[in-house]
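Below is one structure, written out as structure tokens; comments come after it.
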Amino acid sequence: MAAICVFCASSRTLDQRWLDLAAETGRELARRGHTLVSGGGCVGMMGALADGARSAGGRTVGVIPQSLVDLEVADLASDELLVTASMADRKTLMIEKSDAFLTLPGGLGTLDELFEVWTTATLALHAKPMVLVDADGFYRPMLDWLTTLTDRDFVKPAGHALLLVADSLPAALDTLESHLP
């Protein structure tokens, strides 16, 4: 099937529900026959995501900068662990290795990755589907703000429409798969 890159939090202090969502995402990607591409970390949602995928027989590809390997947070159990020189190189390689992108709840790093793939899509540097999982309304305030950017002509409607939004994991994966070539 497809190589699906998932962006999510790597914090060690999250509520269990977010870790559960990440683990279920990994399991469901594996059940659907997809390869997981992730940020290559073994902590927080990122670790739960990769563990979930492997627990269901899925293949995992981690992409991580050397600085995080040095902090001993690399997912050494990855089927393929690619080490980059920088965070910027990490994002570039994640885009290259992936057929589609799924964004779960996360913080600054997750948003950085989301906006990188969204921006490069608006510039027609790739045409890969991007789905944001708005579980429990996590991203609703940001989505409302982004709509105002479009309303004020800071973001073109066609660019805004490139980011697909779903309120549940099953809906997000169905949406993502319906947009794969």
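These figures come from a predicted structure and were not determined experimentally. Every heavy atom of this structure was used, including side-chain atoms; hydrogens, water molecules and symmetry mates were not.
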ILVMFWY cluster, [X] and [Y] together (side-chain gap under 4.5 Å):
X	Y	result
Ile95	Leu81	no
Leu169	Phe101	yes
Met46	Val117	no
Leu125	Leu114	no
Ile4	Leu82	yes

Roughly how far, to the nearest 0.5 Å, is the [atom2] atom of [Y] from the [atom1] atom of [X]?
X	Y	atom1	atom2	answer
Ile64	Asp89	CD1	CG	13.5 Å
Leu143	Asp134	CG	CG	5.5 Å
Phe7	Thr110	CZ	OG1	9.0 Å
Leu21	Leu14	CG	CG	11.0 Å
Arg152	Thr147	CZ	OG1	11.5 Å
Thr84	Gln66	OG1	CD	8.5 Å

Item checked: Hydrophobic cluster (4.5 angstrom, side-chain heavy atoms) - remaining members for Leu108 -> none
Notebook entry, point to check: Heavy-atom count around Gln16 CD within 6.0 Å, excluding the residue itself: above 12?
Noted result: yes
Item checked: CA sep, side-chain torsions, deciding dist, call: Asp174, Arg32, salt bridge (charged side-chain N to carboxylate O under 4.0 Å, His left out) -> CA-CA 10 Å; Asp174 290 345; Arg32 293 179 183 224; 3.0 Å; yes
Margin query: Suppose we screen for ring pair (Phe, Tyr, Trp, His ring centres under 6.0 Å). Which residues come up paired with Tyr139, at least two apart in sequence or across chains?
Written below: none
Margin query: Going by the rule side-chain hydrogen bond (donor to acceptor under 3.5 Å, both in side chains), which residues pair with Glu96 if we only count those two or more places apart in sequence or in a different chain?
Written below: none
Notebook entry, point to check: Under the side-chain hydrogen bond (donor to acceptor under 3.5 Å, both in side chains) test, which residues partner Glu80, sequence neighbours left out?
Noted result: Arg59
Considering all heavy atoms, the nearest [X]-[Y] contact:
X	Y	result
Leu19	Gly44	CD2-C, 3.4 Å
Leu180	Ala2	CD1-CB, 3.8 Å
Ala53	Thr60	CB-CG2, 3.9 Å
Val83	Pro65	CG1-C, 4.3 Å
Gly57	Ala30	C-CB, 4.5 Å
Ser38	Met94	C-CE, 3.8 Å

pair [X]-[Y]: side-chain heavy atoms closer than 4.5 Å:
X	Y	value
Leu162	Met130	yes
Arg54	Ser78	yes
Val43	Ser10	yes
Thr35	Asp79	no
Leu173	Arg31	no
Met45	Pro105	yes

Check: Side chain of Lys128, backbone of Ser98: donor and acceptor closer than 3.5 Å?
Finding: yes
Check: Does Arg90 reach the main-chain N or O of Gly39 with its side chain, forming a donor-acceptor pair under 3.5 Å?
Finding: yes
Margin query: So that I can tick it off, tell me whether Arg17 and Asp20 are bridged by a salt bridge, with the cut-off set at under 4.0 angstrom between side-chain N and carboxylate O.
Written below: no
Item checked: side chain to side chain contact (heavy atoms under 4.5 Å, CB included), paired with Leu176, selected from Val133, Leu164, Val131, Asp99 -> Val131
Next item on the list: Name all residues meeting the salt bridge (charged side-chain N to carboxylate O under 4.0 Å, His left out) criterion together with Asp15; count only those two or more places apart in sequence or in a different chain, and write none if there are none.
Entry: none
Next item on the list: May I have all residue pairs that pass side chain to side chain donor-acceptor pair (under 3.5 Å) and include part of residues 112-127, sequence neighbours excluded?
Entry: Lys91-Asp112, Thr120-His126
